Q: 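First the structure, which I've put down as structure tokens, then a few questions once you've had a look.
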Amino acid sequence: MSSQLLPTTTTPLSTTTTPPPLSPPHTLSQRTHIPTHVYTHPSAILLELCTSMKELHQFIPPIIKHGLYNEHLFQTKLVSLFSKFGSLIEASRVFEPVEHKIDALYHTMLKGYAQNSSLDNAFSFFSRMNYDGVRPVVYNFTYLLKACGDNSDLRKGKEVHGQLIVNGFESNLFAMAGVVNLYAKCRLVNEAYKMFDRMPERDLVCWNTIIAGYSQNGLAKRTLELVIRMQNEGHRPDQVTVVTVLPACADIGSLKIGKSIHGYVVRSGFESLVNVLTALVDVYSKCGCVGAARMIFESMQYRTVVSWNSMMAGYTQNGDSKEALALFEQMLNEGVELTNVTIMEVLHACADLGDIAKGQFIHQLVHQLNLLYDVSVMNSLISMYCKCKRVDIAAQIFANLQGKTLVSWNAMILGYAQNGHVTDALNHFCKMHQKNIKPDSFTMVSVIPALAELSVLRQAKWIHGLVIRTCLDKNVFVMTALVDMYAKCGAVSTARKLFDMMDVRHVTTWNAMIDGYGTHGLGRAAVELFSEMRKGAIKPNDITFLCIISACSHSGLVEEGQNCFTLMKEHYSIEPSMDHYGTMVDLLGRAGKLNEAWDFIQNMPIEPAINVFGAMLGACKIHKNVDFGEKAANKLFELDPDEGGYHVLLANIYAKASMWDKVAKVRVDMERKGLQKTPGCSLVDLRNEVHTFYSGSTRHPQSEKIYSYLETLIDDIKAVGYVPDSNSIHDVDEDVHEQLLNSHSEKLAIAFGLLNTNPGTTIHIRKNLRVCGDCHNATKYISLVTGREIIVRDMHRFHHFKSGSCSCGDYW
DNA sequence: CTAGGGTTAG
């Protein structure tokens with residue numbers, strides 16, 4: 001087949017594709033180095049044009065035929081080409097048999113090892129060179145340094161650094177630029193700077209190297225400072241500088257700097273360079289201007305896969321994952337060669353949209369593209385499955401994953417935590433701990449909310465200790481999570497202490513603290529903190545208003561709550577969301593202003609949703625209002641026919657009004673629809689163990705003891721005035737074996753807690769539903785007769801029972 | 001052989 005004039009293979013001899021404008025014509029400068037006597041030989045020209053392994057193999061027979069195979073320059077060229085195409089085996093097959101190896105042959109072979117093999121191979125070849133008496137030249141060191149940098153191998157890198165000093169290259173510009181780069185790539189940017197600083201002369205490339213070091217290590221401000229210094233010292237930033245600085249600018253999200261660099265790009269005539277434009281797409285996206293990013297993207301004459309990836313990332317980062325997927329489709333249609341980053345981006349978009357079907361399609365693509373061993377891609381798959389609520393599949397991938405990284409563990413922990421598998425999240429965290437993998441801020445921010453959910457103060461303190469030991473106690477995200485956790489564990493004053501200690505606070509930090517006060521019924525404190533916040537630099541957001549209005553609601557501060565609602569709309573121009581409306585109805589309704597609440601609903605500018613009527617129904621239960629209760633309930637049955645809870649609420653309202661026929665009707669209705677009430681359950685933490693109690697259950701080992709103690713306890717509180725609430729219907733769907741009031745889960749949990757702790761100890765209870773009226777009343781008396789403080793966290797808020805009264809002021 | 005710097009990501 002070699003007699004063909006034109007090969008039928010897909011890799012033609014001539015390169016007909018137009019190279020992208022950025023790629024400089026390297027080949028030209030390479031040719032100038034070829035000695036003329038070789039260059040004039042036809043085989044040499046062919047070798048120069050060789051673009052693939054296949055072509056190379058075709059050219060070898062004529063070279064051998066012409067007896068050129070034994071010429072040093074041909075041997076060297078062959079070694080170079082075999083290395084370039086990735087076959088070190090063939091390169092060394094040429095190299096080894098050569099009897100009198102010239103230095104250049106060694107140098108070329110070393111370059112091959114450094115660029116296409118393991119570091120170990122490169123180093124052992126370098127030792128052999130020494131052994132064979134070949135004097136090293138500067139670029140031996142630069143190649144080795146580059147390889148060490150790429151592998152972040154500081155130990156070997158330092159060795160090379162030492163050797164180049166021994167060989168007298170320590171003031172060589174190229175060698176030292178390589179050293180600077182090495183330290184920067186090994187994340188020792190300060191060390192890199194020291195080397196840079198010591199250099200007697202520094203050219204543009206050296207500046208670019210150190211600037212890249214800062215940029216790639218996330219030190220955006222330093223990066224920008226250095227660019228200014230470099231200009232002051234008379235260096236004009238080139239396209240490499242621009243492409244290096246733009247990510248730093250993206251990191252700090254500075255549109256202003258981004259735009260000024262864009263201006264520089266235009267003035268300098270860089271505006272047709274793919275890399276520069278791609279970096280601009282990234283900057284504009286990260287500064288929230290996807291539109292501008294897209295315009296640049298559209299204007300690009302050539303795009304690399306990185307351009308596409310950046311544009312996709314731009315959309316996902318700006319919350320438009322649909323558009324990201326559309327771009328991906330376009331990539332497939334246009335036959336763009338996908339990379340691992342493409343896949344990661346697309347998975348991110350699928351995760352955002354909860355589109356598991358698309359996600360699974362991408363999973364197949366991962367197989368086809370042979371990316372199963374790319375840990376980053378696999379991490380993205382784990383995250384995607386978790387976001388699509390398939391933690392089981394994610395766990396499977398995690399279990400089979402080779403070379404798990406911290407990110408893999410984090411993705412899994414977050415996945416468990418966000419899907420309500422709190423215990424799994426914690427177990428996973430402990431496993432990671434046992435394997436001596438050091439957690440980072442992401443790990444903590446995933447685990448801490450899981451502990452907040454568990455609401456066990458002992459574990460809260462444990463993780464707090466761990467945060468300190470891992471030096472993460474200056475991280476805003478972690479600290480904010482801790483503030484929230486302490487509040488959710490009932491330790492609101494500890495939360496405040498941490499809050500006060502923080503140097504930097506985000507809006508979420510303030511929100512967590514305000515919400516903490518709110519759920520503890522400390523509305524006044526919430527209002528005070530909110531006004532303090534308004535004096536500072538951090539602007540309240542929509543969530544802040546949700547927290548503050550709800551705090552007012554829990555404390556009966558109707559007027560304050562209404563003022564906040566007005567303030568939000570008028571002063572902060574925040575459009576109220578459905579949640580805000582719901583909270584407002586709660587505020588009015590809880591306070592007994594049922595007519596106002598109903599009017600408020602009627603005047604809403606948007607169609608009220610479930611949460612709004614839910615708040616109304618809850619208020620009707622508190623204030624025993626059948627009329628509004630029925631109205632709200634009917635709306636709810638329309639909007640959410642499958643939720644049993646609303647039926648129960650309505651039944652309770654009827655029961656309070658002794659409308660037993662209606663109660664029965666609701667019960668029949670529920671049975672017909674097959675609806676069930678969530679079983680009540682309370683948790684107590686005792687000596688490293690969490691004890692769970694279900695209403696009426698006798699499964700606990702201490703069950704007998706608990707029930708008999710509860711009996712005497714009930715007698716004791718009756719003696720001081722407790723009257724059981726015979727009207728309080730707790731479970732409508734219960735059959736004839738109606739449980740007694742005093743077998744409610746919270747009473748069991750309290751009795752257990754009292755029995756197993758020393759006098760004076762505060763008891764923490766966590767309940768999945770709201771506390772029922774009778775239990776609330778009984779707990780007040782229990783706190784009185786036992787002299788204990790009892791803190792109950794229910795679905796919505798905290799109740800601190802002490803000396804016969806509750807922090808909620810019977811208002812919940 | 002003829003050296004050193006650059007864009008996307010969980």
Side-chain angles (χ1 to χ4, degrees), chain A residues 22 29-30 32-34 72-73 75-77 79-81 83-84 102-112 114 137-146 149 169 172-182 184-185 196 199 202-213 215-216 237-248 250 273-283 285-286 303-314 316-317 339-348 351 374-384 405-411 414 442:
Chain A
L22 183 64
S29 58
Q30 276 169 14
T32 57
H33 293 294
I34 298 164
H72 289 311
L73 284 156
Q75 290 160 349
T76 310
K77 190 69 200 171
V79 167
S80 168
L81 285 171
S83 302
K84 186 170 149 195
I102 58 167
D103 282 10
L105 192 61
Y106 278 99
H107 297 159
T108 310
M109 197 62 224
L110 179 70
K111 177 185 175 185
V137 292
V138 194
Y139 52 89
N140 296 152
F141 295 109
T142 55
Y143 284 134
L144 288 172
L145 283 171
K146 176 86 168 90
F169 296 125
N172 179 289
L173 198 64
F174 293 100
M176 286 320 286
V179 171
V180 171
N181 183 53
L182 165 82
K185 288 279 161 10
F196 171 80
M199 291 173 75
R202 296 181 286 245
D203 65 358
L204 182 60
V205 175
C206 295
W207 278 99
N208 285 344
T209 308
I210 190 66
I211 287 170
S215 174
Q216 289 162 356
D238 68 351
Q239 65 263 48
V240 175
T241 323
V242 168
V243 169
T244 313
V245 175
L246 282 173
L273 303 175
V274 204
N275 294 9
V276 173
L277 291 175
T278 299
L280 279 172
V281 166
D282 180 48
V283 165
S285 300
K286 292 233 172 75
R303 294 175 194 138
T304 63
V305 64
V306 180
S307 324
W308 287 91
N309 293 348
S310 300
M311 196 62 241
M312 267 175 60
T316 43
Q317 282 156 9
T339 65
N340 57 344
V341 179
T342 319
I343 298 302
M344 286 153 73
E345 281 303 341
V346 119
L347 285 171
H348 192 160
D374 186 313
V375 182
S376 296
V377 168
M378 296 315 276
N379 291 343
S380 297
L381 264 180
I382 291 173
S383 295
M384 184 277 292
T405 62
L406 178 58
V407 180
S408 324
W409 287 89
N410 289 350
L414 184 67
F442 288 89

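Lettering follows sequence order; numbering is per chain, from 1. Source: prediction; values computed, not measured.
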Q: So which nucleotide from B:dA9, B:dG4, B:dG10 ends up closest to the side chain of A:Asn379?
A: B:dG10
Q: In whole Å, what is the span from the CG atom of A:Leu145 to the C1' atom of B:dG4?
A: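 It is 9 Å, rounded to the nearest whole Å.
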Q: Taking only side-chain N and O atoms of A:Lys77, does any of them lie within less than 4.0 angstrom of OP1 or OP2 on B:dC1?
A: yes
Q: Got a sec, which residues hit side-chain contact (heavy atoms from CB on, under 4.5 Å) with A:Asp282, two or more places apart in sequence or on another chain?
A: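 Result, side-chain contact (heavy atoms from CB on, under 4.5 Å) vs A:Asp282: A:Ala250, A:Lys286.
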Q: Starting at CZ of A:Arg303 and ending at P of B:dT7, how long is that distance when rounded to a whole Å?
A: 21 Å
Q: Indicate, with a heavy-atom threshold strictly under 4.0 Å, whether A:Ala411 touches base, sugar-phosphate, or nothing.
A: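 No contact.
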Q: How would you list, by chain and number, every residue that makes a side-chain contact (heavy atoms from CB on, under 4.5 Å) with A:Ser307, sequence neighbours excluded?
A: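 In terms of side-chain contact (heavy atoms from CB on, under 4.5 Å), with neighbours along the sequence ignored, A:Ser307 is linked to A:Val274, A:Thr278, A:Phe297, A:Met300, A:Arg303, A:Thr304.
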Q: Which is true for A:Thr278 with a 4.0 Å heavy-atom rule: it touches a base, it touches only sugar-phosphate, or it touches nothing?
A: base
Q: Under 3.5 Å, is there any donor-acceptor pair linking the side chain of A:Asp203 to the base of B:dG4?
A: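 Side chain to base: pair found, below 3.5 Å.
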Q: Tell me what A:Ala177 touches on the nucleic acid: a base, only sugar-phosphate, or nothing, going by heavy atoms under 4.0 Å.
A: base
Q: Would you mind classifying the nucleic acid contact of A:Ser376 as base, sugar-phosphate or nothing, using non-hydrogen atoms under 4.0 angstrom?
A: base
Q: We want to know whether A:Ser380 and A:Ser383 form a side-chain donor-acceptor pair, criterion being a heavy-atom distance below 3.5 angstrom.
A: no
